[in-house]
Colleague: 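Dropping a structure here in structure tokens format, bear with me for questions.
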Amino acid sequence: MQNFTERALTIIKQIPAGRIMTYGQVAAAAGSPRAARQVTRILHSMSAKYNLPWHRIVNVQGRIALLDEESRSFQREMLQAEGVEVDSNDQIDLNRFRFDPEKDVHC
DNA sequence: GCCATGGCTAGTA
DNA sequence: GCCATGGCTAGTA
């Protein structure tokens with residue numbers, strides 16, 4: 001069994017283009033439902049090094065969670081380029097674009 | 001100590 | 001707005 005960070009990395013890398021997950025969803029899928037904050041730390045410190053699709057993670061409300069305006073618009077553009085619809089409030093419809101690893105089990 | 005959360009509550013309109 | 005939460009892939013000795 002790998003540690004939490006390794007499991008989270010695996011899940012993050014599995015999110016297909018054009019889909020999104022929430023921080024808490026990634027944490028739960030990695031086996032630790034309350035470790036959403038840990039997911040932010042992973043994305044913050046390891047995205048560049050491991051080429052993570054960091055832009056495909058949003059908060060539980062389906063909104064872009066980044067702090068400064070510049071990074072937010074960058075994330076918005078990355079998502080839109082993949083076909084994700086992001087409105088003027090950086091809001092995304094979770095019902096349409098959320099990725100659920102459980103439903104993607106292949107035999 | 002850090003971190004890009006998330007859930008709950010107080011207090012205003 | 002407040003604060004409980006949780007795991008530690010960075011950098012020094």
Side-chain angles (χ1 to χ4, degrees):
Chain A
M1 192 51 142
Q2 336 158 54
N3 64 31
F4 176 83
T5 298
E6 288 170 337
R7 294 196 302 270
L9 286 173
T10 302
I11 288 151
I12 291 164
K13 286 190 271 189
Q14 280 173 350
I15 309 173
R19 308 297 297 281
I20 56 170
M21 285 183 79
T22 68
Y23 299 92
Q25 207 189 341
V26 172
S32 201
R34 283 178 291 184
R37 198 105 208 215
Q38 182 66 6
V39 175
T40 71
R41 202 195 114 269
I42 291 168
L43 292 176
H44 184 83
S45 59
M46 300 168 68
S47 280
K49 196 170 181 181
Y50 292 89
N51 273 324
L52 302 178
W54 56 269
H55 59 285
R56 307 212 262 251
I57 323 276
V58 297
N59 71 18
V60 74
Q61 296 148 128
R63 290 197 69 199
I64 290 175
L66 286 175
L67 305 168
D68 61 290
E69 179 56 41
E70 206 168 334
S71 312
R72 271 206 308 277
S73 36
F74 183 45
Q75 180 169 6
R76 184 167 54 236
E77 284 163 19
M78 302 264 310
L79 288 169
Q80 287 170 339
E82 297 180 350
V84 176
E85 289 174 29
V86 187
D87 77 9
S88 50
N89 291 319
D90 289 338
Q91 177 75 48
I92 298 156
D93 186 351
L94 285 173
N95 293 320
R96 295 179 57 199
F97 296 104
R98 186 204 292 270
F99 174 65
D100 184 356
E102 299 294 304
K103 290 181 182 169
D104 197 52
V105 191
H106 39 279
C107 20

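Lettering of chains follows the sequences in order, A, B, ..., and the numbering in each one begins at 1.
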Colleague: Decide whether A:Glu77 and A:His55 meet the rule of one side-chain donor and one side-chain acceptor closer than 3.5 Å.
Modeller: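 There is no such pair (donor and acceptor under 3.5 Å, judged by atom type) between the side chains of A:Glu77 and A:His55.
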Colleague: Touch check for A:Phe4, heavy atoms < 4.0 angstrom, all strands: base, sugar-phosphate only, or nothing?
Modeller: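 Contact class for A:Phe4: sugar-phosphate only.
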Colleague: Using both distances under 3.5 Å as the test, list the Watson-Crick or G-U wobble partner of C:dG1, or none.
Modeller: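 With both distances under 3.5 Å, C:dG1 matches B:dC8.
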Colleague: How many Å lie between OH on A:Tyr23 and C1' on C:dT5, as a whole number?
Modeller: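 Result: 17 Å.
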Colleague: Can you see if the side chain of A:Thr5 gets near the phosphate of C:dC8 - specifically, an N or O under 4.0 Å from OP1 or OP2?
Modeller: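 For C:dC8, OP1 or OP2 has a side-chain N or O of A:Thr5 closer than 4.0 Å.
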Colleague: Starting at the 5' end of DNA chain B and moving along, which residue's nearest nucleotide shows up first, A:Asn59 or A:Gln38?
Modeller: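 Final value for this comparison: A:Gln38.
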Colleague: Rounded to the Å, how far apart are A:Leu94 CG and B:dT5 P?
Modeller: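 The distance from CG of A:Leu94 to P of B:dT5 comes to 15 Å, rounded to the nearest Å.
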Colleague: Do the side-chain N or O atoms of A:Ser45 get closer than 4.0 angstrom to the phosphate oxygens (OP1, OP2) of C:dC8?
Modeller: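 Indeed not, no polar side-chain atom of A:Ser45 lies that close.
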Colleague: Side chains of A:Arg76 and A:Asp90: does their closest heavy-atom pair fall under 4.5 Å?
Modeller: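 In short, these two side chains touch, coming nearer than 4.5 Å.
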Colleague: Do the side chains of A:His44 and A:Thr40 get nearer than 4.5 Å, heavy atoms only?
Modeller: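 A side-chain contact is absent here, since even the closest heavy-atom pair is not under 4.5 Å.
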Colleague: Between C:dT9, B:dG6, B:dC3, which nucleotide gets closest to the side-chain atoms of A:Glu6?
Modeller: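 Of the options given, the side chain of A:Glu6 lies nearest C:dT9.
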Colleague: Just the rounded figure in Å: distance from C1' of B:dA4 to CD1 of A:Ile92.
Modeller: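 Nearest whole value for this atom pair: 13 Å.
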Colleague: Taking atom types as they are modelled, would you say the side chain of A:Arg37 forms a donor-acceptor pair with the base of B:dT5 within the 3.5 Å cutoff?
Modeller: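 It does, because a donor-acceptor pair links the side chain of A:Arg37 to the base of B:dT5 below 3.5 Å.
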Colleague: Grab the CG-P distance between A:Leu52 and B:dC3 for me, whole Å please.
Modeller: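 Interatomic distance, CG of A:Leu52 to P of B:dC3: 17 Å.
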Colleague: Please report the distance, rounded to the nearest Å, between CG in A:Leu67 and P in B:dC2.
Modeller: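 Distance check: A:Leu67 CG to B:dC2 P gives 14 Å.
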Colleague: If you look at every strand shown and take non-hydrogen atoms under 4.0 Å, does A:Leu66 touch a base, only sugar-phosphate, or nothing?
Modeller: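 Base contact - A:Leu66 has a heavy atom under 4.0 Å of at least one base atom.
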Colleague: In this structure, how many angstroms lie between the P atom of C:dC8 and the CG atom of A:Leu9, rounded?
Modeller: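 Going from A:Leu9 (CG) to C:dC8 (P), I get 11 Å.
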Colleague: Figure out the NE2/P separation between A:His44 and C:dC8, and round it to whole Å.
Modeller: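 To the nearest whole Å, that distance equals 17 Å.
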Colleague: Taking CD from A:Gln25 and P from B:dG6, how many angstroms apart are they, rounded to a whole number?
Modeller: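 The answer, rounded to whole Å, is 10 Å.
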Colleague: I want to check something: taking the side chain as every heavy atom from C-beta on, are A:Val58 and A:Gln75 in contact at a cut-off of under 4.5 Å?
Modeller: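 A:Val58 reaches A:Gln75 side chain to side chain.
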Colleague: Counting side-chain heavy atoms from C-beta on, which of B:dG7, B:dA4, C:dA10 comes nearest to A:Val60?
Modeller: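 Given the options B:dG7, B:dA4, C:dA10, the side chain of A:Val60 is closest to B:dG7.
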Colleague: Quick one: do A:Arg56 and A:Glu82 make a salt bridge, cutoff under 4.0 Å?
Modeller: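 Looking at A:Glu82 together with A:Arg56, the answer is yes, because their closest N to O distance falls below 4.0 Å.
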Colleague: From B:dG6, C:dG6, B:dA4, pick the nucleotide closest to the side chain of A:Ala65?
Modeller: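 For A:Ala65, the side-chain atoms sit closest to B:dA4.
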Colleague: Measuring to OP1 and OP2 of C:dC8, would you say a side-chain N or O of A:Asn3 lies under 4.0 angstrom away?
Modeller: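 Affirmative; the distance criterion is met.
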